[in-house]
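Sequence lines set the chain letters: A, B, ... in the order given, protein chains first and strands last, and positions in each chain run from 1. Basis for what follows: all heavy atoms, side chains included, without hydrogens, waters or symmetry-related copies.
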2 protein chains.
Amino acid sequence: MILCDIGNSALHFYDGKRVWHRTPDTLEPFTEPLHYISVNPTFEHALLDICPHAHNLEPQIKLESSYKGLGVDRKAACLGLGDDGVVVDAGSAITIDVMEKGMHLGGVILPGFKAYHQAYQSISEVLDHPINVRIDLESLPQSTAQALSYGALKSILLVLEGIIGKRRVVFTGGDGEFLSAFFTRGVYHKWLVFEGMRRALA
Amino acid sequence: MILCDIGNSALHFYDGKRVWHRTPDTLEPFTEPLHYISVNPTFEHALLDICPHAHNLEPQIKLESSYKGLGVDRKAACLGLGDDGVVVDAGSAITIDVMEKGMHLGGVILPGFKAYHQAYQSISEVLDHPINVRIDLESLPQSTAQALSYGALKSILLVLEGIIGKRRVVFTGGDGEFLSAFFTRGVYHKWLVFEGMRRALA
């Protein structure tokens with residue numbers, strides 16, 4: 001059995017052992033049963049062209065929530081987390097979702113680090129510096145480049161601290177491992193979405 | 001005497017009583033002495049074409065600081081603040097500068113509200129919602145639009161709280177009045193930059 005998480009920039013596959021990534025150009029057919037979730041209709045069509053029997057798992061990704069517009073990948077990550085705690089998925093956007101007693105209580109969205117760079121860049125070319133996530137947060141910035149990186153990293157960490165509080169927290173996504181290091185109880189689970197899909201199938 | 005603050009999007013004028021704004025297209029000549037500061041060479045040239053005797057006040061805007069690349073408008077706002085406290089200039093970017101005993105200790109830059117919108121938009125069209133600054137911060141967001149506005153406003157306020165602490169704070173810029181309302185000791189001074197220019201001339 002193969003699981004597939006179709007995201008904005010790639011199709012992510014998991015066979016229970018390893019994970020690999022494809023774009024529509026590099027997709028290959030599968031003989032095994034394949035279950036997928038998708039937030040990207042174009043890539044989903046590409047998968048179905050090559051694997052017409054691929055099964056959309058979305059109807060089985062059931063999460064109690066009053067949040068309107070919760071993406072199926074966020075739902076799956078919450079299922080992967082379990083009944084209580086916070087999921088932080090740090091990618092192009094940073095989504096923060098709170099679970100309590102098996103119910104999704106709500107969520108917050110922050111720009112990811114690249115999107116902070118985009119935001120600064122959109123204001124003035126003077127502010128066009130890549131974000132340095134290793135910036136020292138103990139002392140006040142002494143240059144424009146430092147001031148931008150400090151602003152981005154500090155705002156992300158403060159919002160996370162406020163929401164996480166004393167809750168359990170699991171980080172996932174490309175910048176999840178890095179961010180998890182700032183939280184003593186922070187756990188990094190690279191494939192939390194697949195864990196949720198696996199639980200939905202169980 | 002007329003003071004002029006040449007910014008990224010307009011030339012701002014002040015005659016001691018009222019403030020008015022021009023772009024290079026709508027500039028008119030002046031007979032009175034005119035002192036200016038500028039962060040926009042193109043607009044500065046337009047002013048000098050029409051008012052060749054306009055005086056660049058920048059060499060007189062003296063601020064003790066080890067910050068590299070501090071804009072002359074930020075320096076002037078710090079002079080306008082005085083010896084101790086925090087200046088928050090909330091416009092297309094939100095700049096936060098800390099003064100202590102007449103010395104500039106450093107600064108932080110955050111995206112302004114429009115730039116947060118740009119950042120979200122750059123990630124996905126699903127995240128293309130204007131920021132609602134009236135978002136309720138007491139409860140967890142229950143929709144994508146709420147989650148984005150909460151993320152932007154909350155991160156700005158938390159970074160401000162952290163830097164301001166128990167210091168005196170003066171807000172300026174287009175969103176300064178709105179943000180000042182979140183801080184019990186927050187003062188809004190619409191023309192803090194002109195106040196700094198006035199002090200530099202005194």
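- Counting non-hydrogen atoms of neighbouring residues, nucleotides and ligands closer than 6.0 angstrom, the NE2 atom of B/H55 exceeds 12 such neighbours.
- Formation of a donor-acceptor pair under 3.5 Å by the A/Q142 side chain with backbone atoms of B/L105 is found in this model.
- With hydrogens and angles ignored, the 3.5 Å screen pairs a side-chain donor or acceptor of A/Y120 with a backbone N or O of B/I109.
- Residues A/Y116 and B/S155 come closest through the heavy atom pair OH-OG, 4.2 Å.
- Heavy-atom pairs under 4.5 Å with chain B peak, among A/I123, A/I163, A/I156, at A/I123.
- When A/G151, A/P111, A/G69 are compared by the number of non-hydrogen pairs under 4.5 Å with chain B, A/P111 comes out ahead.
- Interface remark: B/L127 contributes side-chain atoms only to the contact with chain A (heavy atom separation under 4.5 Å).
- Ranked by non-hydrogen atom pairs under 4.5 Å with chain A, the options B/A115, B/S143, B/G106 are led by B/S143.
- Few gaps surround NE2 on A/H21; more than 12 heavy atoms of other groups in view lie less than 6.0 Å from it.
- Comparing B/A93, B/P141, B/S66, B/G71 by how many heavy-atom pairs each has under 4.5 Å with chain A, the most go to B/P141.
- A 6.0 Å sphere centred on CD of A/E32 holds more than 12 heavy atoms belonging to other residues, nucleotides or ligands.
- When each of B/G112, B/A119, B/S139, B/S124 is checked for heavy-atom pairs under 4.5 Å with chain A, B/A119 comes out on top.
- Residue A/E28 qualifies as enclosed at atom CD: its count of foreign heavy atoms under 6.0 Å is above 12.
- Interface residue B/V108: backbone and side-chain heavy atoms are both found under 4.5 Å from chain A.
- Between chain A and the residues B/A145, B/S9, B/S65, B/S122, the largest count of heavy-atom pairs under 4.5 Å involves B/S122.
- In this structure, OG1 in B/T144 is found 7.5 Å from CG in A/L70, a value given to the nearest 0.5 Å.
- Between the CG atom of B/L157 and the CG atom of A/L158 there is a distance of 11.0 Å, given to the nearest 0.5 Å.
- Taking chain A as the reference chain and counting heavy-atom pairs below 4.5 Å, the highest number among B/A152, B/G107, B/S92, B/S149 is found for B/G107.
- Options A/Q118, A/E161, A/Q121 differ in how many heavy-atom pairs under 4.5 Å they form with chain B, and the most are formed by A/Q118.
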